[in-house]
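Just below is one structure, and these are the notes that go with it.
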Amino acid sequence: MTAPKTSLTPPEDALPPARHPDAPAPGEPLGAHYDQCFGCGDWQPHGLHLAARAGEGVNVTAEFTVTPDHQGAPGLAHGGVLATALDETLGSLNWLMHTIAVTGRLETDFLLPVPVGTVLHLDARVTAVHGRKIYCTATGRIGGYDGPVAVRADALFIEVKVEHFIENGREEEIQAAMKDPDQVRRARAFEVNP
């Protein structure tokens with residue numbers, strides 16, 4: 001019996017992902033793409049403060065510490081927050097390809113409860129590229145990068161132009177980001193939007 005094809009299954013003529021020659025070196029921290037991002041931004045008091053690092057090939061690793069602000073049930077991480085952590089990690093993959101992309105679909109499986117205080121160890125990789133579509137997968141483990149899988153996701157990202165953000169974002173934030181005197185921060189604000 002073969003697995004059913006879904007929108008998360010790359011077509012047979014999909015290409016393997018290619019790491020951009022100017023991608024951050026393996027082990028290098030990726031940093032926040034935007035200080036106000038709920039996933040990786042430093043200016044979000046209740047955000048995830050996810051810290052991602054470039055891996056080998058088109059792979060990233062990240063860590064996220066579940067705080068009391070991230071609870072669903074008493075003492076346990078909210079499933080939506082865990083999905084956000086996976087989405088943020090998957091979105092970081094696009095930096096390795098120097099591609100601007102947004103989440104088109106995210107399918108998440110919750111396998112184990114994740115208690116408050118847990119460090120979730122995330123690993124994500126691109127599996128295939130087909131036109132503007134980027135297929136990727138991620139896992140979140142507890143107890144280390146070789147620990148049991150608590151949550152996993154498959155995703156489809158869609159390549160977009162920077163105009164996607166400028167035409168659809170709230171004017172106040174767009175103007176503030178575009179007026180930032182730091183050219184790198186200004187460009188990064190519009191590079192990734194998981």
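Here the shortest heavy-atom pairing between Leu90 and Ala138 reads CD2-CB, 3.7 Å. For Ala62 against Thr89, the heavy-atom pair with the smallest separation is CB-OG1, 3.9 Å. Residue Leu120 comes nearest to Gly140 through the heavy atom pair CD1-C, 3.7 Å, listed as atom of the first residue, atom of the second, then distance. The minimum heavy-atom distance linking Ala153 with Leu106 is given by the pair CB-CD1, 3.8 Å. Across all their heavy atoms, Ala54 and Leu96 have their closest contact at CB-CD2, 3.8 Å. Summarising the geometry of Leu86 relative to Thr139, their closest heavy-atom pair is CD2-C, 4.0 Å, with the distance given to 0.1 Å.
No path of Ile, Leu, Val, Met, Phe, Trp and Tyr side chains, each step under 4.5 Å between heavy atoms, connects Leu112 with Val119, placing them in separate hydrophobic clusters. Val58 and Leu8 fall into different hydrophobic clusters, where Ile, Leu, Val, Met, Phe, Trp and Tyr side chains are chained together by heavy-atom contacts under 4.5 Å. Transitive grouping of hydrophobic side chains (ILVMFWY, heavy atoms separated by less than 4.5 Å) brings Leu50 and Val114 into a common cluster. Tracing side-chain contacts under 4.5 Å through hydrophobic residues (I, L, V, M, F, W, Y), one never reaches Leu156 starting from Val129; they form parts of separate clusters.
The backbone N or O of Gly57 sits less than 3.5 Å from a side-chain atom of Arg19, completing a donor-acceptor pair. Judged by distance alone, with hydrogens and angles left aside, the side-chain atoms of Gln44 form no donor-acceptor pair with the main-chain N or O of Gly41 at under 3.5 Å. Put simply, the side chain of Arg152 never gets that close to the backbone of Arg141: no donor and acceptor are under 3.5 Å apart. Side-chain atoms of Arg132 do not come within 3.5 Å of backbone N or O of Ile158 as any donor-acceptor pair. Between the side chain of Asn59 and the main chain of Ala124, a donor-acceptor pair closer than 3.5 Å is present. With hydrogens and angles disregarded, no donor-acceptor distance shorter than 3.5 Å links the side chain of Thr99 to the backbone of Trp95.
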Apply side chain to side chain contact (heavy atoms under 4.5 Å, CB included) to Val116 and Gln71, showing your working. CA-CA 7 Å; Val116 169; Gln71 291 181 85; 3.4 Å; yes
Begin from the C-alpha positions of Thr61 and Asp123 and carry the test side chain to side chain donor-acceptor pair (under 3.5 Å) through to its verdict. CA-CA 4 Å; Thr61 58; Asp123 185 22; over 6 Å; no
So Val151 and Thr108, side chain to side chain contact (heavy atoms under 4.5 Å, CB included) or not? Walk me through it. CA-CA 7 Å; Val151 61; Thr108 308; 3.6 Å; yes
In sequence, state the C-alpha distance, the side-chain angles, and the governing distance for Ile134 and Met97, and then conclude on side chain to side chain contact (heavy atoms under 4.5 Å, CB included). CA-CA 10 Å; Ile134 302 164; Met97 298 185 300; 3.7 Å; yes
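Within the model, atoms CG of Leu82 and CG of Asp87 stand 12.5 Å from one another, a figure rounded to the nearest 0.5 Å. Distance OG1/Thr137 to CG/Leu93: 10.0 Å, rounded to 0.5 Å.
For Thr84, the side-chain contact (heavy atoms from CB on, under 4.5 Å) criterion is met by Phe38, Leu48, not counting sequence neighbours. Legend: residues meeting salt bridge (Lys or Arg N to Asp or Glu O under 4.0 Å) with Asp69, ordered by chain and number and at least two apart, are absent. Taking the side-chain contact (heavy atoms from CB on, under 4.5 Å) definition, one finds that Pro16 meets it with nothing, sequence neighbours left out. The side-chain hydrogen bond (donor to acceptor under 3.5 Å, both in side chains) check on Glu107 picks up Arg105, with sequence neighbours excluded.
In this structure, Ile142 and Pro148 have side chains that are in contact, with non-hydrogen atoms separated by less than 4.5 Å. The shortest distance between side-chain heavy atoms of Thr118 and Pro115 falls below 4.5 Å.
Residue pairs satisfying the ring pair (Phe, Tyr, Trp, His ring centres under 6.0 Å) criterion with at least one member in residues 45-77, sequence neighbours excluded, are listed as follows: Phe64-His70. Counting only residues at least two apart or in different chains, ring pair (Phe, Tyr, Trp, His ring centres under 6.0 Å) contacts with residues 116-151 comprise His121-Tyr145.
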